[in-house]
Amino acid sequence: MIFVNNGIQGNRDRAMAIPLNIVRSTTDAIKAQVDKPFTTKIIFEPPSHLEYEIFLPGGDKQIGLITYCLPVAPGKSRIVAQFSRNFAYKLHSLVPRWWDHLQNRNLILDGDMILLRQQESFLQNTNWKTAYRMPTSADLLVIEFRNWFDRYCDGKLPWNKVGVAASPFIETSREVLLDRYHQHTQHCSSCRKTLKTIRLIQWLLLSYFAIVVAIVAVLPDSFRVGLGLYLIISTILGLGIGAILRFWLMPKFYFVDYVHSAR
């Protein structure tokens, strides 16, 4: 996470060893624990539940991450996630949900998506044990999950049991991999409504510009120099706001390329 999401949810310059230990591994659960920098409990419950419990120092404050990663087709999954905490319950209301998605959540998923696609392609024709070298304690949970997956699922999802043919095709187009609109915006009520509002504001600003220009054109000269000037300045400001919405904010709901070397 520190390397993949550098600058968003981590800092490569502050990378450190993660003392992770597997506490329990059975058919119905894998439990792990990290002792620093914060005591963290991690639990995986099949088929798709993964949860982090992070205990903050100096009290009973606790934050967490609850996720469900649901396979919907070969090579495609839907992730449902919720950040939890037992304090500052109103904190999330200070930042609009759509803004948090644009500035944080989508960027994290975009960074993960590029590497996951690459890793998936590596595993098409080889075994994970030989495809990757995982020497650190931070890799223990991945190793344990892969062993669990081999032991209880034969290393593959049972698509054939639901009448779906497993396809070896791995999508390589960045435009498709990072297609925010079809993967997120159209499904997220907050982002979808915000995008609709932005389009409406743009239409209103253009309408205002056309109406003001028409009005100023027919104003008497005595009013055109005073009132007309202020109206024209307001339309220019409106066009500037519309340009920011159109060329800076709107694209973030559709596609933003993620280049790890630039982070």
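Residue numbers run from 1 in the order of the sequence given.
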Nearest heavy-atom pair of [X] and [Y]: which atoms, and what distance?
X: F255; Y: D257; result: CE2-N, 3.7 Å
X: T39; Y: Q33; result: CG2-NE2, 4.2 Å
X: I30; Y: S25; result: CG1-OG, 4.0 Å
X: L70; Y: S48; result: CD2-OG, 3.4 Å
X: P71; Y: S77; result: CA-OG, 3.7 Å

Checking [X] now: which residues fulfil side chain to side chain contact (heavy atoms under 4.5 Å, CB included) with it, not counting sequence neighbours?
X: K156; answer: none
X: A81; answer: L65, T67
X: A32; answer: L20, I22, I42, L141

Between [X] and [Y], is there a donor-acceptor pair closer than 3.5 Å when you use the side chain of the first and the backbone of the second?
X: E144; Y: K31; value: no
X: S84; Y: I63; value: no
X: T40; Y: F38; value: yes
X: R192; Y: Q186; value: yes
X: N86; Y: D60; value: yes
X: S190; Y: W98; value: yes

Residues forming a side chain to side chain donor-acceptor pair (under 3.5 Å) with [X], sequence neighbours excluded:
X: R78; result: none
X: R180; result: D110
X: E175; result: S173
X: T197; result: none

Out of curiosity, [X] [atom1] to [Y] [atom2], how far, rounded to the nearest 0.5 Å?
X: L177; Y: L116; atom1: CG; atom2: CG; answer: 10.0 Å
X: L178; Y: R117; atom1: CG; atom2: CZ; answer: 10.0 Å
X: L94; Y: D100; atom1: CG; atom2: CG; answer: 12.0 Å
X: L245; Y: L200; atom1: CG; atom2: CG; answer: 11.0 Å
X: R174; Y: D179; atom1: CZ; atom2: CG; answer: 14.0 Å

Contacts of type ring-ring contact (aromatic ring centres under 6.0 Å, His included), residue [X], not counting sequence neighbours:
X: Y68; answer: H49
X: F44; answer: F145, W148
X: Y132; answer: none
X: Y181; answer: Y254

Is any side-chain heavy atom of [X] closer than 4.5 Å to a side-chain heavy atom of [Y]?
X: L231; Y: T235; result: no
X: V216; Y: I232; result: yes
X: R85; Y: Q62; result: no
X: D28; Y: E45; result: no
X: P74; Y: V164; result: yes
X: T185; Y: T194; result: no

Determine, using the 4.5 Å side-chain heavy-atom cutoff (strictly less than), whether [X] and [Y] are members of one ILVMFWY cluster.
X: W248; Y: M250; answer: yes
X: L204; Y: I244; answer: no
X: I241; Y: L102; answer: yes
X: L195; Y: L249; answer: yes
X: V23; Y: I43; answer: no

With no hydrogens and no angle check, do the side chains of W128 and D150 hold a donor and an acceptor under 3.5 Å apart?
->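 Yes, a side-chain donor-acceptor pair sits under 3.5 Å.
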Do the side-chain N and O atoms of T136 and D139 include a donor-acceptor pair separated by under 3.5 angstrom?
-> yes
Determine which pairs satisfy ring-ring contact (aromatic ring centres under 6.0 Å, His included) with at least one residue from residues 182-207, sequence neighbours left out, and list them in order.
->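 As it turns out, the ring-ring contact (aromatic ring centres under 6.0 Å, His included) pairs with a partner in residues 182-207, which skip direct neighbours, are H101-H184.
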Can R146 and K129 be said to form a side-chain contact (heavy atoms from CB on, under 4.5 Å), step by step?
-> CA-CA 9 Å; R146 278 291 176 179; K129 294 179 180 179; over 6 Å; no
With side-chain contact (heavy atoms from CB on, under 4.5 Å) as the test, would you mind laying out the steps for F209 and V213 before giving the verdict?
-> CA-CA 6 Å; F209 173 80; V213 169; 3.9 Å; yes
Would you check, one step at a time, whether the test side-chain contact (heavy atoms from CB on, under 4.5 Å) holds for Y152 with N147?
-> CA-CA 9 Å; Y152 300 111; N147 285 327; over 6 Å; no
Take C191 and R97 through the side-chain contact (heavy atoms from CB on, under 4.5 Å) test and state the conclusion after the steps.
-> CA-CA 8 Å; C191 292; R97 190 155 60 98; over 6 Å; no
OH of Y208: more than 12 outside heavy atoms within 6.0 angstrom?
-> yes
